[in-house]
Structures are given as structure tokens and as C-alpha cells.
Amino acid sequence: MTLQQTIAEYLRFTGHKGFDISAALIDCDGILYDSMKYHTLAWVKLMKKNGIKCTRDEFYAMEGMTGTEIIKMKFKSGAGKNITDDEARALYGVKTRYFKEQGEAPVMPGAKRVLETLKEAEVERVLVTGSQQDALLQRIDSDFPGLFGEVKVTGHDVRHGKPNPEPYLKGMSKSGKKSNECIVIENAPLGVQAAHAAGCFTIGVTTGPIPEKELYKAGADLVYKNMDELAAALPALLVALSIVKA
Ligand code: MG
């Protein structure tokens, strides 16, 4: 598909006449940090300790759901247990400990370049994550100084994790933007689904084991191989979108 066809398809799906992009809603894990391998290892350890069979791939596929949603689902399907909110929170505390024990997840190569390119183009950067991992969230302002503003949406702000569009709708309302004023940058199929459902032009980046076609299937408008490739493509993409005026 050409970029023109991609844009036409987006406009047909959303009913918008065009774009006025002034914000990028940006996911955290697998976009700003190369953290998903740490998360999936922590999840597998938690499940094994509780006698629940699982694979790491399952947790790559569930990325974007809140931690407590994942726990409730896996304990139900894997052990026939109904977990209360309090139990889920306690188990999530254990998972968080396993995550931290592995050391600090590295900053994703190319992430800074993407943020700087957006800043140069005067596109506001808004964090939108289902993550409740405070240790990682607190690093963002020091790892990406001056690149994020005050507006952030985290797992603490939403009732429903991705693929529910709530996190992205909240990102839009908190920053006072409409869906055709935002692009979304996401790595997870459920995150892409959430962004697409929220009506934003959705950019997928395959930074993990999940193939490109899964992100297109989830509703991504465009998919890039990594954050460096996205950074290189962004200036021309922003110009192409700005030509199709709302
Ligand atoms: Mg992610």
C-alpha cells in the first residue's frame, strides 16, 4: 500500500477529513525502553512459582493489559482460581520484584532520536502506558530530559488496560487533542488495537518477537522495524500528513 492509500484508508475508517497533528501519544515498554524481555521473564517466574503453565510468548501477546488483569486471567485459565483485587495487587508486587531483580532495562536504541525529531517538528510528546511500574516511570524524565511534558497517562490513571481505548482516549483528553491531532507510537498488538479504536493514526514498531503482520492485523496504519527507522521516516511522514488538512 502506498502512503496515500494508507492515509485514505485511515480517513475512511475515522470519518475525518484530514490531519492537524500536534501530539504524539507514546507507549513506554518496548518503545522507550527495551524492557519487554525483563517483563516476560518476571511473568513466567511468577506463574511457575504458582504452578501455572505458560510461555514467554503469551506475555508478549498480552502486553498492554494491566498487571492485575493479566494475573486474574492467567490464574483463572491456568489454575481455575478466582483472584480478588487485593490478591492480584499482592501478586503484582511479587512480579514487580522479579522485574527489578534483573537490573535496569536499557533505553531503546533510537527512542531519543524519535522524541527529538517530534520536538523539532513541534509535536507534543505525551506518555501513554498501562504500566504501573513506578521504578521505570520515574526514570523517564532523567533518561529523556526535556522531551516529555507534564501530561502523562499511566496504569494508575486508567480502569481498563489496552486493548480498551481508554488509555489513549485519556491521553487525548488530558492533552486537549482530538484523534486526528495525534499519532500513536506502539509496539504491542493490544496497544495498536487500543490506539486504532481511539481513532488515532497508529504507528507500530516491531521491537520484539511479534511480526509486522500482527501489528497490521491489529489496526496499525504503518509499521517500522525499529525506532531508528521510525526516526528517519518521521519528518517526511509528518509533512505528508500535514498536506491532508482537516
Ligand atoms: Mg509497549
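One-based numbering, in listed order, for ligands and for the atoms of each.
- The closest side-chain heavy-atom distance from Trp43 to Met62 is not below 4.5 Å.
- No side-chain donor from either of Thr6 and Asp221 sits under 3.5 Å from a side-chain acceptor of the other.
- With Ile185 as the fixed residue, the side chain to side chain contact (heavy atoms under 4.5 Å, CB included) test singles out one of Thr202, Asp27, Leu118, Leu25: Leu118.
- Scanning all heavy atoms of the two residues, the minimum distance from Phe148 to Ile140 falls at CD1-CG2, 3.6 Å.
- When distances from the Mg ion (ligand 1) to the N, O or S atoms of Glu63 are compared, OE2 comes out shortest.
- Geometry at the Mg ion (ligand 1): OD2/Asp27 and OD1/Asn187 form an angle of 90°, nearest 10 degrees.
- Glu186 lies apart from the Mg ion (ligand 1) in this respect, since none of its N, O or S atoms is found at a distance under 2.8 Å.
- The minimum distance between the Mg ion (ligand 1) and any N, O or S atom of Asp29 involves atom O.
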